[in-house]
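So the structure is just underneath, and the comments pick up after that.
Letters go in sequence order (proteins before strands), and every chain restarts at 1. Note that the structure is a prediction, hence the values are computed from the model and not measured.
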There are 2 protein chains.
Amino acid sequence: MPKLPAKKTPKPRPDKTRLALGLTLIDVAKVAGVSPITVSRALSRPELVSEQTLEKVRRAVADVGYTPNMLAGGLASKQSKLVAVFVPTIAHSIFSDMVQTLMDQLGNAGYQSIIGVTGYSVEKEESLLGAILGRRPDAIVLTGTEHSALTRQRLVASGIPVVEAWDLCEDPIDILVGFSHSAVGKAVARHLLGRGYRRFAVVSVSDARAVKRSVGLVDELSVQGVTDVRQVIYPAPATLKEGRDGLSQLLREGTLPEVVVCSSDTVAQGVLAEAASRGLRVPEDVAVMGFGDLSSAAQLYPALSSVRLDGARIGSLIASTLLERLQKQRDGQAPVRIDTGFDVINRVST
Amino acid sequence: MPKLPAKKTPKPRPDKTRLALGLTLIDVAKVAGVSPITVSRALSRPELVSEQTLEKVRRAVADVGYTPNMLAGGLASKQSKLVAVFVPTIAHSIFSDMVQTLMDQLGNAGYQSIIGVTGYSVEKEESLLGAILGRRPDAIVLTGTEHSALTRQRLVASGIPVVEAWDLCEDPIDILVGFSHSAVGKAVARHLLGRGYRRFAVVSVSDARAVKRSVGLVDELSVQGVTDVRQVIYPAPATLKEGRDGLSQLLREGTLPEVVVCSSDTVAQGVLAEAASRGLRVPEDVAVMGFGDLSSAAQLYPALSSVRLDGARIGSLIASTLLERLQKQRDGQAPVRIDTGFDVINRVST
DNA sequence: CTGTTAGCGCATTCAG
DNA sequence: CTGAATGCGCTAACAG
C-alpha cells in the first residue's frame, strides 16, 4: 500500500466569495452537467461538440462567469497564444502605427502581444528577450537585423518563429519583412540630384538603419560625382534637438548646403525649426529631406521631399506573414523574405 | 492495488535536439546535483539558499541554457508577474510616454506589461479585458474612469488590483491616479480671461475626459459672464484634420473668435495649420490653446498657451503606487487617490 | 538550509 | 461525439 492517508485537508481552497477567476473547468462542468473535458472542447474546439451540449456549456460559462486560465492552458498545450514584439520605441508614429496594426490583427487571430521597448540598444533587446522567453511566446517580432550574438543564438535555439522587420539582410534568423535602407539612400540621392541639388549635408542619428541610409546616399552621390557631403551624427534616439543642433553645427562649420538630408522626420522638423528661427526659407534657402510616415505634424512642414513609409501596412504584412507561418505549425522552413518597398515623394509646402 | 501498470511509455519527450526551451528544473537539478526545488529557490528566492549551492545552480543554469517557464510558475504560484495596461492609443506622446515609463519601472520590479489599445471605446476595453483576464494579470491599469458595467463588475469580482489613471472620480474601482479635467477647464478659462480674451471657441473631440474639460471651461466662463462659446465637436480620435476642419467650421458659421481652445495639442496643431494657410497670425489674429505634453512637434508652434502634462511622470506615479500595493499583497483596502495635478503655461512663439 | 509530497487548471492521448 | 486517465513545469507547504 503505497500511500493513502493523504486526504486530510480535502480542499483548503479559498472558497470564500468565490472570485470569478477562481473558477475552473470543473465548476463549469458541474453546472453544465458534463465532464470537464467537454467544457474544454466546447470552448476551444466547438466543432467537436454537439450543438446542444455546446449550448449547455455556454450557458453554464455565462452563469458562473468563468474565464479560462491561459497559464494552465498554455502549459498543457504548449501554446501561449502570445507574440512578443520588440521595437526601439513607441514614441514615433512609424512604430506606434506598426505596433497598433500588428497587435490588432494578431488579436483578431487569437494572439495577444507583449511589447518590448529596446531603445535602439541590442543589450536592452537581449535582456528583454531573456525575460520574455519565459512566457514561451509563440512568435517573436524584432525590429532590424542587428542583434547580439547571444540574442541570435537563443532565438535560433528556441525554435520559435521569428520575424525581423524594417530591414533586409543576407542571413535572416527566420522570416524577413522589410526594405533596403541602402536602396533608400541611393533613391534619395538620385531624386535630389535629379532636382538639381549638388551641395548636400546629412543630419542623422547613429542607429543601424539610419547609418545604412546615409551610406547608401553618400555612395550614390559619390558615383554621380558629388563627393564632399558633410555629415552630423548624433546618438539615437532622435528628437527635435538633434535637428536644431544639426543645422546649427552645419552652419557653424561651413556654408549653408543646398539640401539637408535627415535620418527621420523628427530630425527634419528640428532642422526646419532651426531654419525658421534663423529666417531661412525652405526650400528656397535650404531644402530639407525627411524620412517617416508623413503622419501628424510632419505633413504640415514645407519639407521639400520625403521618404514615405506606411507603418500600418508593414504591421499588416508582418501579421499576415506570421499568421500563415503559425498556421502550418510545421517547421517547414520555407524561407520568407518580403520587401515592403518605400516611396520617395515630393511635398512642397502645405 | 489501485493502478500501477501505467509506466508503458516512460518518457516520450521530444528529446531531439533538446531545444533550450524544452529544459526543465529537473534537468538543471541533475546537472547541479541538487533537488529541483532547490533550483527553483535559487532562482526565485536566492536568500533561502546557501551561497555555494547557489553557485552550483547558477553554473548549471548557464551551462544548459535554462529559461524558467513562467506559465508553469505562474500556474503554481498564482502570480503571473504580468500587468495589463489599457490606453486609448499609443499614437499620442502623452500616452506613449506614460506607457514606456510604466513598462520600464514595472519591468525593473520583475513585472512585464501587456498593452491593450482601446481606441477610446468602452466596448473595445471590455472585450480586451475578457481576453486579458485569461492571463491572470497581477494588476490592471486603465485609462479613465468610464467603463462598461460588465467591465466594472468583472474587475471588482476579480479581486485584482486596479488603477484608473488620467482622471479622478467619486467611486473608483480601486486605486486612482489622475487629475480633475473639470479643474483643467476652469483653470484655462481663468487663465485666458486674465489675459483679456472674451470671445471663445472650442474645438474638441468627444472623448469623456475632453468633454469634462470643455464643460469645466464653459461653466467657469459662464460664471465670469462669458456665455456664448461656440463649440465644434468631433468623434475621437483626434488628428490634425479635426483641427483644420474645426477652424474652418468656426469661420464658416461666424466670425473669428479671439481664442480657440482645443482638446489636445494634435487638434491645436490642426487649427494652427489651418490658420497659417488662411494667412491668420497666431496669436494676434487668433490665439490657440492646446493640451498635451509639449513634447516633440507641439513645442514648435506659436500657440499662445497650453495645459501641460507629463506622461512620464504619471507613468512613474502609477508604477510606484501599484508596486507598493503589490508588495503588501493583503487586500488592505487602503483607498488610494492621487491627484497628479497639471500646469497651465504660456508659450509665446518658439 | 534542503528535500518530499501534492497539486495549480488545463489539454492531450486514448477508450468508449 | 464524449469521458478517463495522465502530466505539462513549477512552487507551496510541510518535513527533516
Tell me, which pairs form a salt bridge (charged side-chain N to carboxylate O under 4.0 Å, His left out) where one or both residues lie in residues 61-84 of chain B, sequence neighbours left out? none
So does A:T38 get a side-chain nitrogen or oxygen closer than 4.0 Å to the phosphate oxygens (OP1/OP2) of D:dT2? no
Pairing residues for A:A91 by the side-chain contact (heavy atoms from CB on, under 4.5 Å) criterion, not counting sequence neighbours: A:T89, B:S96, B:Q100
If you look only at pairs with a residue in residues 109-118 of chain B, which of them pass as a salt bridge (charged side-chain N to carboxylate O under 4.0 Å, His left out), with sequence neighbours excluded? none
How would you list, by chain and number, every residue that makes a side-chain contact (heavy atoms from CB on, under 4.5 Å) with B:A312, sequence neighbours excluded? B:T101, B:D310
Residues in ring-ring contact (aromatic ring centres under 6.0 Å, His included) contact with A:F95, at least two apart in sequence or another chain: A:W166
Can you give each donor-acceptor pair under 3.5 Å made by side-chain atoms of residues 144-151 of chain A, sequence neighbours left out, with the distance rounded to 0.1 Å?
| from | atom 1 | to | atom 2 | distance (Å) |
| --- | --- | --- | --- | --- |
| A:H147 | ND1 | A:E125 | OE1 | 2.9 |
| A:H147 | ND1 | A:E125 | OE2 | 3.4 |
| A:H147 | NE2 | A:G144 | O | 3.3 |
| A:H147 | NE2 | A:E164 | OE2 | 2.9 |
| A:S148 | OG | A:E126 | OE1 | 2.6 |
| A:S148 | OG | A:T151 | N | 3.0 |
| A:S148 | OG | A:T151 | OG1 | 2.8 |

How would you label the contact of A:L71 with the nucleic acid (heavy atoms, under 4.0 Å): base, sugar-phosphate, or nothing? nothing
Any residue of residues 53-63 of chain B with a heavy atom less than 4.0 Å from an atom of DNA chain D: none
Of A:T321, A:D174, A:V83, the one forming a side-chain contact (heavy atoms from CB on, under 4.5 Å) with A:P161 is A:D174
Which atom pairs, one a donor and one an acceptor, fall under 3.5 Å between side chains of residues 115-124 of chain B and the rest of the protein, sequence neighbours left out?
| from | atom 1 | to | atom 2 | distance (Å) |
| --- | --- | --- | --- | --- |
| B:T118 | OG1 | B:V87 | O | 3.3 |
| B:S121 | OG | B:E123 | N | 3.2 |
| B:S121 | OG | B:E123 | OE1 | 3.2 |
| B:S121 | OG | B:K124 | N | 2.9 |

Between its two end axes (five pairs each) the helix from C:dC1-D:dG16 to C:dG16-D:dC1 turns, nearest 10 degrees, through 20°
Protein-proximity profile, nucleotides 10-16 of chain C, B/S/- by nucleotide at the 4.0 Å heavy-atom cutoff, equals BSBB---
Which residues share a side-chain contact (heavy atoms from CB on, under 4.5 Å) with A:Q52, sequence neighbours left out: A:S50
If you assign B:P36 and B:L75 each to the DNA chain C nucleotide with the nearest heavy atom, which residue ends up on the more 5' nucleotide? B:P36
Rounded to the nearest angstrom, tell me the gap between atom NZ in B:K78 and atom C1' in D:dG9. 15 Å
Could you name each residue pair satisfying ring pair (Phe, Tyr, Trp, His ring centres under 6.0 Å) that touches residues 62-88 of chain B, not counting sequence neighbours? none
Taking only the side-chain nitrogens and oxygens of B:S35, find out if one of them lies under 4.0 Å from OP1 or OP2 of C:dT4. no
Would the distance check show the side chain of A:S316 and the main-chain N or O of A:R313 forming a donor-acceptor pair, the cut-off being under 3.5 Å? no
